[in-house]
Asker: 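Below you'll find the structure I mean.
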Amino acid sequence: MSTQIGNSTTRDGDPAATGAEVITLDQSTGRELARYPAAGPEQVGAAVQVARTAAGPWWDLGFEGRAVRLRAWRREIARGGEDLAALIHAENGKSLEDGRAEVLSVLGHLTFVLDNVERVLGRREVPPSASMPNQRAWVEHLPYGVVGVIGPWNFPLGTPGAIVIHALAAGNAVILKPSPITPGVGVWLARSWRRAVPDLPGAFQTVVGFAATGQHLTTGVDKIAFTGSVRSGRAVAAACAPRLTPMLLELGGNDAVVVAGDADLDDAAAHITWGALQNAGLGCISLEVAYVVDAVHDALVEKIAAHAGRVHAGSGDDDLIGPVPLPAQIPVIRHHVADALQRGATAVVGPPADGTTDDRYIQPTILIDVPPDALAATEETFGPVLSIVRVRDTEEAITRINASPYGLGSAVFSRDRGEDIARRLRVGMTSVNDALAFSQHAGLPFGGRGHSGHGRKHGDEGLLEFVYPHAITVKTGPAPAPTTTFARPLGAMANALAAARARLLGEDDRKERS
């Protein structure tokens, strides 16, 4: 959640923004890039109806039938990968290399679901219970129907793309509402789907618009997946409440890293700098706070400052990070830095300019002596800023991380105790002696706790997120002692309880003796 500056600021943009068109900018030049009609309630309703019509035939294809079409879509994305990366670069401003990384990410998630969806969601036989041996039992996983996905601008392909892929593989029809900053990426995806799957184009659609378009989508679908700020996530939850629409919410973070006294400082500095500054720090899992034990604090700061000093924001081929494409986020970043400096922190790299230069580019800032209660250390800065907090030991670091209302990602650097420290962190994801590596493993679940949201995307859990279990029993013969009619024999339950007691106590006795 970004600290509010004014009445309408969130890191998702202005929730009150409206208009007949969504106009995008080329972030490297600031010039107009494209225009898209904004979908109103009628257009969103029509898209939902098309999706409902397509949902049944899409599910009826079965795992293999859907796999054939998902493989065709994978080929289409792979063939157009360079064009898609260039579009991400233009709309979002991140480097072309980072755009390519997003394309690789969605290709990886497509490969994962193709290889694993039937294993995860296929019919699961359940052994008969001791009390009802005459019942065959199994679990089937059924799709919700129509899933709405509201995507962010910071990772306009990788984040919503993975969700769309898992929801489709699970048998749902999907409607994507991309950010109004990066709608072209969502439009490209839908067009590529229509080329790859001409027999069921309605199984995946994109609707473009502002926050109101997302609100209309939320009230019409069977499940919603939202990625964005805590404030916007609460609004989505409120819109879902009347119909009890299930939700996947990936919200804010104030992700931290623990650096123990036995850490490899060269390795830690390189990974932490990248984890904090990659994509201009515009990631829900960007490392924002480093809790560094006193014994290695000064040495690590020197190494991080050297790495960060070589990172420059711009649109040139040599620039490692791009602009901040949401203008409203820039004062939030500056406010967090100013708050830390006013509380006694020192900038060893930076701080950001006061607005006399091109506002779209925020240069990296590394802060030391940051009070643990400063905004930069407690809230989501969502920019190229790393706050370094000196701690007595790793126990203090663990306590501070676990006290946060957020709980998304984290990192730990320690030669001997990394795994032990990681297990004690109350977060959804941790990389040990690396930064954000969990986000690049398609088989791992991605999500958090507390203000960071709930539910999971990616991996097996990401497939299970978009189905509900249907338990089925079939009677195969007469029951030894009927228990599901009023005709059961007198004393049947007393006899069943006595038999269960004898069996369980006997099993426990045998285990204790062994």
Asker: Can a side-chain donor-acceptor contact be found between Arg136 and Thr473 if the only test is distance below 3.5 angstrom?
Answerer: no

Asker: Please verify the inter-ring angle class for Phe112 with His166; under 30° counts as parallel, over 60° as perpendicular, anything in between as tilted.
Answerer: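 It falls in the parallel class, under 30°.
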
Asker: So, Trp153 versus Phe382, ring centres under 6.0 angstrom or not?
Answerer: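 Yes, they do, as the ring centres are separated by less than 6.0 Å.
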
Asker: Phe63 ring centre to Arg66 NZ or CZ under 6.0 Å, with the angle to the axis within 45°?
Answerer: yes

Asker: Within the 4.5 Å heavy-atom criterion, are Pro372 and Glu396 side-chain neighbours or not?
Answerer: no

Asker: Would you confirm whether Lys457, through its side chain, and Gly447, through its main-chain N or O, come within 3.5 Å as a donor-acceptor pair?
Answerer: no

Asker: Do Pro152 and Ser179 touch side chain to side chain, with heavy atoms closer than 4.5 Å?
Answerer: no

Asker: Hey, do the aromatic rings of His141 and His470 have their centres closer than 6.0 Å?
Answerer: no

Asker: On the six-membered ring of Phe155, is Lys94 placed so that its NZ or CZ lies under 6.0 angstrom from the centre and within 45° of the ring axis?
Answerer: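 Checked: cation-pi criterion met.
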
Asker: Assess, by modelled atom type and distance only, whether the side chains of Ser414 and Asp262 contain a donor and an acceptor separated by less than 3.5 Å.
Answerer: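 The criterion, which ignores hydrogens and geometry beyond distance, is satisfied for Asp262 and Ser414.
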
Asker: Which pair of heavy atoms, one from Ala190 and one from Gln205, lies closest together, and at what distance?
Answerer: CB-C, 4.4 Å

Asker: Assess, by modelled atom type and distance only, whether the side chains of Thr245 and Arg243 contain a donor and an acceptor separated by less than 3.5 Å.
Answerer: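 Result is yes, a qualifying pair exists.
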
Asker: Is there a side-chain contact between Asp264 and Phe413 in this structure, where contact means two heavy atoms from C-beta onward sitting under 4.5 Å apart?
Answerer: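 When only atoms from C-beta onward are counted, Phe413 and Asp264 do not touch, as no gap falls below 4.5 Å.
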
Asker: Looking at Thr206, Thr159, Leu176, which hits side chain to side chain contact (heavy atoms under 4.5 Å, CB included) with Val149?
Answerer: Leu176

Asker: Pairing donors with acceptors under 3.5 angstrom, does anything connect the side chains of Thr182 and Asn92?
Answerer: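 The answer is no; no qualifying pair exists.
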
Asker: Looking at side-chain heavy atoms only, is the closest gap between Arg488 and Met493 below 4.5 Å?
Answerer: yes

Asker: Mind listing the closest non-hydrogen atom pair of Val293 and Gly261 along with its distance?
Answerer: CG2-N, 3.3 Å

Asker: Could you check whether the rings of Phe204 and Trp193 sit parallel, tilted or perpendicular, using 30° and 60° as the cut-offs?
Answerer: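 Because their plane-to-plane angle is over 60°, the rings of Phe204 and Trp193 count as perpendicular.
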
Asker: Give the C-alpha distance, both sets of side-chain angles, the deciding distance and a yes or no for side-chain hydrogen bond (donor to acceptor under 3.5 Å, both in side chains) between Asn254 and Ser404.
Answerer: CA-CA 8 Å; Asn254 182 243; Ser404 171; 5.2 Å; no

Asker: Is the closest side-chain heavy-atom distance between Ile88 and Arg100 below 4.5 Å?
Answerer: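 They are not in contact (no side-chain heavy atoms under 4.5 Å apart), so the answer is no.
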
Asker: Is a side-chain donor or acceptor of Thr227 paired with a backbone partner of Gly151 at a separation under 3.5 angstrom?
Answerer: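 No: the side chain of Thr227 does not pair with the backbone of Gly151.
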
